[in-house]
Novice: 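One structure coming up, written as structure tokens, with questions to follow.
Labels below follow one simple rule: chain letters A, B, ... track the order of the sequence lines, proteins then strands, and each chain is numbered from 1.
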Amino acid sequence: MPELPEVETMRRGVLGVIGAAILDAHPATCSYRPIAVYPAPRLFAQRAVGRRIVAVDRVGKRVVLRLDSNDAVIFEPRMTGLVLIANPPNQEHLRFRLQLSGDVADLWYWDRRGLGSVRLLSPDEFQNALGPHKLGPDALAITAGELQARLQYRRTPIKPALLDQRIIAGVGNLYASELLHRAKMHPARSCDSLSRAAWRRVHAALQEVLEEAIRYEGSTLSDGTYRNALNEAGGFQNHHRVYDREGQTCRTCQRTAILRIVQAQRATFYCPRCQKAS
DNA sequence: CATATGTCCTGAGAGC
DNA sequence: TGCTCTCAGGACATAT
């Protein structure tokens, strides 16, 4: 489940494509149901071929190639997507290929479950699909005040609220649990019960955990799906304090077993001693 | 508007 | 051992 740290790692891994021109753009032959490609492949290629890549950005949990035509190519990995410049984990889940000019390796989109997408959007389309009414401020750029202002009157539990991309972009299920543990905040605490000091704690923990996870190049869970652009595993899974650690001892208090609960149909992990309910 | 639920997809792992 | 079943969760559609 690539979240902000994993997608940022993918982005950094493909910065070498900046300056290259797109020679061809097409779905990979794949026996599975095709992933979403927009516009349809023929038109996609028509608009992409011959254009030069001028920047590689991240927008929430997506990798974005900016083209000299002002169009953008958006890779959205969702659960199991990868943006690669070498050695895919296997051939059968390769979904899309961008052939590039010069010495630059081709850019591949690989996706085991195929829930992700590859899109080419005009500036208008980009605004409609990924503009500020669809996505909140980036999790690495948001201030403590903005975070508080956007959530403080909600009556929902804080953990699922942090997953709402219109509020804040980039946080997913894994890092929501991790950041709340660092903030010593119970995941079921109602947003409208948090003090200003508590919001500052949550904000500081958010920055901390994302920056640390980026340093370790993201989390590769036991299914091994997530890889960086060179098909290497991340390292942050070894530093998780709660995620996927049900029944194991809390690394902070050294005495309490981590609990797993379900909120909004998603698994939440927390330490009942370090993250008090009130 | 806010909030809740169902859906897509594949493969790992559980249970019998 | 081999089969069937559940589950993982990002984003979006639809319902309340």
Side-chain angles (χ1 to χ4, degrees), chain A residues 1-10 27-28 30-38 58-64 74-83 88-96 109-119 121 125-126 128-136 138-139 149-180 187-188 190-192 210 213 218-227 233 237 240 242-247 260-269:
Chain A
M1 19 85 270
E3 304 181 26
L4 189 152
E6 289 76 25
V7 177
E8 176 62 19
T9 302
M10 291 179 201
C30 174
S31 52
Y32 294 88
R33 186 181 215 266
I35 59 157
V37 173
Y38 174 89
R58 179 183 54 76
V59 174
K61 302 173 192 171
R62 302 154 194 86
V63 175
V64 175
I74 294 102
F75 297 96
E76 185 168 308
R78 299 228 185 162
M79 294 302 297
T80 51
L82 300 176
V83 178
N90 64 38
Q91 299 291 315
E92 68 258 31
H93 294 106
L94 284 172
R95 307 286 188 159
F96 200 87
Y109 180 70
W110 181 98
D111 195 337
R112 175 153 56 73
R113 284 163 64 181
L115 299 178
S117 66
V118 181
R119 288 179 289 176
L121 303 181
E125 291 172 320
F126 190 94
N128 288 335
L130 301 171
H133 63 293
K134 289 286 180 65
L135 289 180
D138 190 78
R150 288 176 157 263
L151 284 171
Q152 63 184 339
Y153 300 121
R154 291 204 165 205
R155 293 184 302 279
T156 48
I158 185 167
K159 191 266 186 173
L162 289 167
L163 302 182
D164 186 338
Q165 302 298 296
R166 289 165 305 185
I167 300 291
I168 174 172
V171 180
N173 202 49
L174 190 162
Y175 293 102
S177 282
E178 288 296 320
L179 83 90
L180 289 174
S190 181
C191 288
D192 65 1
L210 294 180
S219 300
T220 298
L221 301 180
S222 54
D223 70 359
T225 300
Y226 168 70
R227 326 290 290 180
Q237 64 280 0
H240 290 174
V242 289
Y243 188 83
D244 217 8
R245 298 195 66 240
E246 183 185 18
R260 178 190 192 274
I261 60 173
V262 174
Q263 296 178 288
Q265 275 107 280
R266 300 287 182 262
T268 299
F269 299 88

Novice: For A:His240 and A:Ser219, work out which heavy atoms get closest and say how close.
Specialist: NE2-OG, 2.8 Å
Novice: Below 3.5 Å, does any donor atom in the side chain of A:Arg266 face an acceptor in the base of C:dG10, or the other way round?
Specialist: yes
Novice: In plain terms, say whether A:Asp111 and A:Arg78 are close enough for a salt bridge, that is, a side-chain N and a carboxylate O under 4.0 Å apart.
Specialist: no
Novice: To the nearest angstrom, how far is A:Trp110 atom CH2 from B:dT10 atom P?
Specialist: 12 Å
Novice: Using a 4.0 Å heavy-atom cut-off across all strands, classify A:Gly114 as base, sugar-phosphate, or nothing.
Specialist: nothing
Novice: What's the closest nucleotide to the A:Glu76 side chain, out of C:dA11, B:dT3, B:dC8?
Specialist: C:dA11
Novice: For C:dT6 and B:dG6, measure between their P atoms and round to the nearest Å.
Specialist: 15 Å
Novice: Would you please confirm or rule out a distance under 4.0 Å between OP1 or OP2 of C:dG10 and any side-chain N or O of A:Tyr226?
Specialist: no
Novice: Can you confirm whether A:Asn173 sits close enough to A:Leu163 that some side-chain heavy atom of one is under 4.5 Å from a side-chain heavy atom of the other?
Specialist: yes
Novice: What is the separation between atom CD1 on A:Ile168 and atom P on C:dA11, rounded to the nearest whole Å?
Specialist: 13 Å
Novice: Identify whether any heavy atom of A:Asn173 sits under 4.0 Å from a base atom; if not, whether one sits that close to sugar-phosphate; answer base, sugar-phosphate or nothing.
Specialist: sugar-phosphate
Novice: Report the distance from atom CD of A:Gln263 to atom C1' of B:dT5, rounded to the nearest whole Å.
Specialist: 16 Å
Novice: Which part of the nucleic acid does A:Tyr243 contact within heavy-atom distance under 4.0 Å: base, sugar-phosphate only, or nothing?
Specialist: sugar-phosphate
Novice: How long is the line joining OH of A:Tyr32 and C1' of B:dC8, in whole Å?
Specialist: 16 Å
Novice: Whole Å only: how far is the CD1 atom of A:Ile35 from the C1' atom of C:dG10?
Specialist: 15 Å
Novice: Would you mind telling me which residue lines up with the more 5' stretch of DNA chain B, A:Arg154 or A:Arg78, judged by nearest nucleotide?
Specialist: A:Arg154
Novice: Does a side-chain heavy-atom distance below 4.5 Å link A:Arg112 with A:Asn90?
Specialist: no
Novice: Select base, sugar-phosphate, or nothing to describe what A:Ala264 touches, counting heavy atoms under 4.0 Å on all strands.
Specialist: nothing
Novice: Heavy-atom nearest nucleotide on DNA chain C for A:Phe269 versus A:Leu130: which residue maps closer to 5'?
Specialist: A:Phe269
Novice: Of A:Asn90 and A:Gln265, whose nearest nucleotide on DNA chain B comes first from the 5' end?
Specialist: A:Gln265
Novice: Is it the case that the side chain of A:Arg154 and the backbone of A:Leu151 share a donor-acceptor pair, with hydrogens and angles ignored and the cut-off at 3.5 Å?
Specialist: no
Novice: Below 4.0 angstrom from OP1 or OP2 of B:dC9, is there any side-chain N or O of A:His93?
Specialist: no
Novice: Can you check the A:Asp192 CG to B:dT3 P distance for me, whole Å?
Specialist: 10 Å
Novice: What is the distance from CG of A:Leu162 to P of C:dA11, rounded to the nearest Å?
Specialist: 14 Å
Novice: Taking atom P of C:dG10 as reference, at what distance in whole Å does atom NZ of A:Lys61 sit?
Specialist: 5 Å
Novice: Is the closest side-chain heavy-atom distance between A:Val171 and A:Leu4 below 4.5 Å?
Specialist: no
Novice: To the side chain of A:Arg113, which of C:dG9, B:dT3, B:dC8 is closest?
Specialist: C:dG9
Novice: Phosphate oxygens OP1/OP2 of B:dC9: is one of them under 4.0 Å from a side-chain N or O of A:Arg112?
Specialist: no
